Amino acid sequence: MLDKNGIARRIAQELQDKWYVNLGIGIPTLIANHVPDDIEVTFQSENGILGMGPFPFEGEEDADLINAGKQTITALPGAAIFDSATSFAMIRGQHIQLTVLGAMEVADNGNIANWKIPGRMVKGMGGAMDLVASADNIIVAMMHTNKRGKSKLLRQCSLPLTGVGCVKRVVTNLAVLDVTPNGFKLIERAPGVTVEQIQEATEGRLVVEGDIPEMNL
Amino acid sequence: MLDKNGIARRIAQELQDKWYVNLGIGIPTLIANHVPDDIEVTFQSENGILGMGPFPFEGEEDADLINAGKQTITALPGAAIFDSATSFAMIRGQHIQLTVLGAMEVADNGNIANWKIPGRMVKGMGGAMDLVASADNIIVAMMHTNKRGKSKLLRQCSLPLTGVGCVKRVVTNLAVLDVTPNGFKLIERAPGVTVEQIQEATEGRLVVEGDIPEMNL
Amino acid sequence: MDKRVNSVKDAISGIENNMTLMLGGFGLCGIPENCISALVEANINGLTCISNNAGVDDFGLGLLLQKKQIRKMISSYVGENDEFERQMLSGELEVDLIPQGSLAARCYAGGAGIPAFFTPAGYGTEVAEGKEIRYFNGKPHLLEHALEADYAIVKAWKGDWDGNLIYKGTARNFNPAMAMAGKITIAEVEILVAPGELDPNAIHTPGIFVQRIFQGVNYEKRIEQRTVQAKLS
Amino acid sequence: MDKRVNSVKDAISGIENNMTLMLGGFGLCGIPENCISALVEANINGLTCISNNAGVDDFGLGLLLQKKQIRKMISSYVGENDEFERQMLSGELEVDLIPQGSLAARCYAGGAGIPAFFTPAGYGTEVAEGKEIRYFNGKPHLLEHALEADYAIVKAWKGDWDGNLIYKGTARNFNPAMAMAGKITIAEVEILVAPGELDPNAIHTPGIFVQRIFQGVNYEKRIEQRTVQAKLS
């Protein structure tokens, strides 16, 4: 079973050289720490920067340089700053090759819910609806089950949707799964996790074909 | 009767302090030379500059600094450069207080034609269609008749239109006229020009009410 | 074209109860601190505020929320603010949540004379309710309408008397699009200079979009998430 | 992310007969001189060219027109070019004339993932033929669609290896919007520098929009209308 950093490490294997990548808040943010040495990717933050670098050294924080999670960041050589309208022009215009974001629920038809629990939690969708409606390549990074042990990979989302039919791949603490017309197709198991454990933790339709390899981390 | 500079001088009287103004090619360009000393106006050129200044001194021309007429210009202190999309955002968004442009024909309902003579001359509309469709305050600067002596102030345009019902005022070598529901309303006569001469030269409906003052140039 | 006003009080003059305001900023980054304080002091009520976020409890738009001066918020993300959540869940505060990219594009459209446009964001969600759907290249899109405001209030780093603005870093965010969309746009800047001192090639917001400008004071520029790494010695 | 190519020939590789190109520039100002020459030399034919103007008889896109490499022009203004007028009136050349603002907005929309939008420009004219009309605030608007191109070719003043671009003066014009709208965007620049040498705050076209970049040579930068005033001595 993976921890959050493990999920990030596994997703980092999906990165390809010269890709522009948008990472959501939470687990996706950790992916930046695991980029393979032999490739170069550029991170976009939707509040208006391309070429986002690591956190600043203590004492060098700049209130005017943050990411979409409102964290202080740095700009790498070759960075560019732009306004919100231009930032979402990049996103809607499909100039970004990969979007990774968290979710509360993913359905086996690729629907995703991650912005609202009616009557209880209404933070807003931020840029998530634009990202999921626009990107061709969307990976969800999340725990397989919620804090009460309930599956987050569902037959149907119960919460208000963020986007429909948009998730291509889900990477959890238990598995890598692709969204297919027949449901979640199991691609890889996390180290030490059995197919049965994954079946147990998955409420949506699960397709298991042949031997399922363990992740190579 | 006015010459082209006279028309420009008369239109310059319409300028108000702190206005942003777009001047078309031809007679309108001359207006910049007649801005009253006690007001400040800023000229926009739709290829991407606010704060357009006079022509450069000989030897100081910059190929990278032109106006929409492709003439070499200068930038005044406080000028701003922007791209074409932003430039027409200003125009469509009605951030410009006055647009002055030339015309081949103006109809007494405010229609204007200035971009095409079918089968003979097809230069294109450039920014004129955006300008006339967007601006609240449009003045046409032109000669009252064409080179063959035919009226350019018509009951109806015969050439392909640039815009409909958009012209507010026409200033010609003979007169100042406003477009009203009843046709061209004569506002002022050019020095030495009679109402009869104006009637003679105007094919569209002409409204003459009371004494028509001579322009005060 | 001198657009300087003498004080923040003059800058916000004309803003009345029940008006619609746009306020630039992302989180607490690039927000018009001086004007927000002045709106609190002037006790203007019933405001509709269009802003990506709603500040935190004791800073930014949170200050207006505390005093219940806001009737309606139009935002994309309103976490980090307990008082906001309380007012919203209790029904005291009307809230219109909009995808962040649609919010930016709707402000831009409002300033650019584009009354409506199609975007894929929000299809199949609550956001699409009541909106026209149309397919382009086989993909569904929503028709979204331009946003405008009685006053847009933006914060820039440098500005000149003509209203030309330059932002610093990611404090740019929503400020340029909102500056375009205000019937009257007020800019507060950290450094105000005479025309000619800014490079015409480097202007982010051309002065035509700005009607009033002043140099603000005492910028706190609070950091929401101070994330750092230790220096290797 | 090094996007440098070794030569203008490498820059235009992949451009084939009958493709659609966008070319930046306004008149002869800010045009990609090196790439235009390379397209002439490569003798690529049947092109659809989206460009505000069509050059003059012996410079800019006029060079491609002379060799009849262009099948269709999509422009706003095509005066100053006799060969163009001859080909158009004789029917050899297909021409789609578009209001200049709609052309800019349609390129921007193509790059920004906005498939269509409403604009007032052209209502009641030939431009409106066959287009959807809708009223907003009592005013008629046309639905205009985004433009995209197989290749967009732009000219900037400075650029870095990552594709970040800075334009000079009014040579900016259509280049930024077109840079966004190319499936592949080629940038030629006068000065090419390493990443980090350009101020991130001063970038006009972020590198994400550019796929190939090279430093051009022998810029002629011809002036169409040399207008000057005499120096008072």
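Nothing here was measured: the structure is a model prediction, and the numbers come from that model. Reckoned from all heavy atoms, side chains included, excluding hydrogens, waters and symmetry mates. Numbers restart at 1 for each chain; the letters A, B, ... are given by sequence-line order, proteins then strands.
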So, does B:Thr72 use its side chain to make a donor-acceptor pair with the main chain of D:Arg226 at under 3.5 Å? no

**Q.** Side-chain donor/acceptor of D:Thr125 to backbone N/O of B:Leu161, under 3.5 Å
**A.** no

What's the separation between atom NZ in D:Lys155 and atom CG in B:Asp64, rounded to the nearest 0.5 Å?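 Here the interatomic distance stands at 5.5 Å.
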
Heavy-atom cut-off 4.5 Å, strictly under: side chain, backbone, both or neither for [X] against chain B?
| X | value |
| --- | --- |
| D:Asn52 | neither |
| D:Glu85 | side chain |
| D:Leu28 | neither |

At a heavy-atom separation under 4.5 Å, does [X] approach chain D through its side chain, its backbone, both, or neither?
| X | value |
| --- | --- |
| B:Asn111 | neither |
| B:Ser45 | neither |
| B:Ala113 | neither |

Within a strict 4.5 Å, meaning less than it, do heavy atoms of the B:Glu46 and D:Gln100 side chains meet? yes

Going by heavy atoms in the side chains, are D:Thr227 and B:Glu61 under 4.5 Å from each other?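 No. Closest side-chain heavy atoms not under 4.5 Å.
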
Scanning both residues in full, the closest heavy-atom pair of B:Asp130 with D:Ala121 reads OD1-CB, 3.3 Å

Would B:Asp83 and D:Arg172 pass as an ion pair if we require N to O under 4.0 Å? no

- Take B:Val122 and D:Val95, measure what side-chain contact (heavy atoms from CB on, under 4.5 Å) needs, and give me the verdict at the end. CA-CA 10 Å; B:Val122 190; D:Val95 179; over 6 Å; no

